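It should be emphasised that the depicted structure is a prediction, and the values quoted were computed from it without experimental measurement. Both backbone and side-chain heavy atoms feed into the values below; hydrogens, waters and symmetry mates do not.
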Amino acid sequence: MRTQKRCMGYVAIVVDDYDRAIDYYTTRLGFHLVEDTPQPGKRWVVVTPAPGSDCNLLLAQASNERQKSFIGNQCGGRVFLFLQTDDFWRDYSLMKEKGVHFCEEPREEEYGTVVVFEDIYGNRWDLYQNA
């Protein structure tokens, strides 16, 4: 019997423009563009925090007014995504230099070092490193 690994392959995030989103996630957050494939009426755009990552971010351009209303507020203002790092201070410094908006100062928690930031759309993320 073969054991299968289960994981989250993609998390979709609604964006206003594919190229603007690609630029932000690759330039400011240091993600890698995995795929940008045209499809009828849309594109399949995937970025990842690191090559070989099991979880990728699918950038889904809003196609109607209802979807547009969720841009930047996919989780009602709560932290929506969690970006784990093996070197918190390296990534925090690089992101800060590139103009990423941090909502607070980094803090030490029981589980590790963490800081909340907002992406270009206002979605809230945690950047964290486990203790």
Side-chain angles (χ1 to χ4, degrees):
M1 184 169 147
R2 194 166 90 178
T3 304
Q4 291 185 343
K5 175 182 171 184
R6 294 180 66 187
C7 67
M8 296 292 294
Y10 302 94
V11 173
I13 187 167
V14 183
V15 301
D16 64 348
D17 178 81
Y18 290 117
D19 294 321
R20 180 175 172 207
I22 291 168
D23 181 62
Y24 178 82
Y25 287 103
T26 59
T27 304
R28 302 251 180 120
L29 298 187
F31 281 37
H32 302 265
L33 180 62
V34 174
E35 187 174 358
D36 185 353
T37 304
Q39 295 182 336
K42 61 182 178 178
R43 289 158 55 186
W44 180 263
V45 178
V46 178
V47 296
T48 187
S53 177
D54 285 337
C55 190
N56 302 289
L57 197 59
L58 175 67
L59 304 177
Q61 185 170 302
S63 61
N64 59 46
E65 288 306 312
R66 182 165 186 257
Q67 291 176 9
K68 286 178 185 176
S69 73
F70 287 97
I71 295 172
N73 192 26
Q74 292 194 187
C75 202
R78 293 186 59 103
V79 169
F80 172 53
L81 298 163
F82 299 80
L83 181 58
Q84 185 176 7
T85 179
D86 62 350
D87 187 335
F88 177 88
W89 294 107
R90 173 199 65 211
D91 290 343
Y92 172 74
S93 296
L94 285 171
M95 290 166 65
K96 196 165 187 163
E97 284 175 19
K98 293 180 180 188
V100 172
H101 172 71
F102 288 92
C103 304
E104 61 184 15
E105 292 299 314
R107 63 186 193 281
E108 295 296 326
E109 295 289 348
E110 198 173 284
Y111 56 86
T113 307
V114 65
V115 67
V116 176
F117 69 94
E118 290 181 346
D119 67 17
I120 191 173
Y121 302 106
N123 294 304
R124 295 171 65 88
W125 294 61
D126 270 359
L127 172 67
Y128 74 98
Q129 181 178 4
N130 288 332

(request) Output, in order, the C-alpha distance, side-chain angles, deciding distance and verdict of side-chain contact (heavy atoms from CB on, under 4.5 Å) for L81 and N123. (result) CA-CA 8 Å; L81 298 163; N123 294 304; 5.7 Å; no

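- Applying the side-chain hydrogen bond (donor to acceptor under 3.5 Å, both in side chains) definition to pairs two or more places apart or across chains, none involves residues 71-82.
- Residues that satisfy the side chain to side chain donor-acceptor pair (under 3.5 Å) test with D91, not counting sequence neighbours, are T85.
- Cluster partners of L94, using a side-chain heavy-atom cutoff of under 4.5 Å among ILVMFWY residues and allowing indirect links: none.
- Here the straight-line distance linking atom OG of S53 with atom CD of Q84 works out to 10.0 Å at 0.5 Å rounding.
- For E104, the side chain to side chain contact (heavy atoms under 4.5 Å, CB included) partners are R107, V115, V116, not counting sequence neighbours.
- Minimum heavy-atom separation, Y121 to A21: OH-CB, 3.5 Å.
- One finds the OG1 atom of T48 at 13.5 Å from the OH atom of Y25 (value rounded to the nearest 0.5 Å).
- Annotation: the span from D54 atom CG to Y10 atom OH amounts to 11.0 Å, rounded to 0.5 Å.
- When every heavy atom of D119 is checked against every heavy atom of Y24, the shortest pair comes out as CA-OH, 3.4 Å.
- Contacts of T113 classified as side chain to side chain contact (heavy atoms under 4.5 Å, CB included), with partners at least two apart in sequence or in another chain: F88, W89, E108.
- Applying the ring-ring contact (aromatic ring centres under 6.0 Å, His included) test to every pair with at least one member in residues 56-86, sequence neighbours left out, gives no pairs at all.
- One finds the CG atom of L33 at 5.0 Å from the CD1 atom of I22 (value rounded to the nearest 0.5 Å).
- Applying the salt bridge (Lys or Arg N to Asp or Glu O under 4.0 Å) test to every pair with at least one member in residues 9-18, sequence neighbours left out, gives these pairs: D16-R20.
- Side-chain atoms of V45 and L58, non-hydrogen and from C-beta on, never get closer than 4.5 Å to each other.
- Note on residues 21-39: pairs passing salt bridge (Lys or Arg N to Asp or Glu O under 4.0 Å), not counting sequence neighbours, are D36-R43.
- Looking at every heavy atom in both residues, P49 comes nearest to C55 through CD-O, 3.9 Å.
- Counting heavy atoms of neighbouring residues, nucleotides and ligands inside a 6.0 Å radius, atom NZ of K98 exceeds 12 of them.
- Rounded to the nearest 0.5 Å, atoms CD (E118) and SG (C103) are 4.0 Å apart.
- Tracing side-chain contacts under 4.5 Å through hydrophobic residues (I, L, V, M, F, W, Y), one never reaches W44 starting from L59; they form parts of separate clusters.
- Residues passing the salt bridge (charged side-chain N to carboxylate O under 4.0 Å, His left out) test with D86, sequence neighbours excluded: R90.
- Side-chain contact between L29 and V100 is present, with heavy atoms from C-beta onward closer than 4.5 Å.
- Here S69 pairs with nothing under the side chain to side chain contact (heavy atoms under 4.5 Å, CB included) rule; sequence neighbours left out.
- Grouping the Ile, Leu, Val, Met, Phe, Trp and Tyr side chains by contacts below 4.5 angstrom, directly or via other members, places V15 with V11.
- With sequence neighbours left out, the side chain to side chain donor-acceptor pair (under 3.5 Å) criterion links Y92 to K96.
- Applying the side chain to side chain contact (heavy atoms under 4.5 Å, CB included) criterion to A62, with sequence neighbours excluded, gives V14, Q67, K68, I71.
- Between the CG atom in L57 and the CZ atom in F31 there is a gap of 6.0 Å [rounded to 0.5 Å].
- Tracing side-chain contacts under 4.5 Å through hydrophobic residues (I, L, V, M, F, W, Y), one reaches Y18 starting from I13; they form part of the same cluster.
- When side chains are defined from C-beta on, V114 does not count as touching L127, because their heavy atoms never get closer than 4.5 Å.
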(message) Show, in sequence, the C-alpha distance, side-chain angles and deciding distance for F102 and M95, and conclude whether the side-chain contact (heavy atoms from CB on, under 4.5 Å) test is met.
(response) CA-CA 9 Å; F102 288 92; M95 290 166 65; 3.9 Å; yes

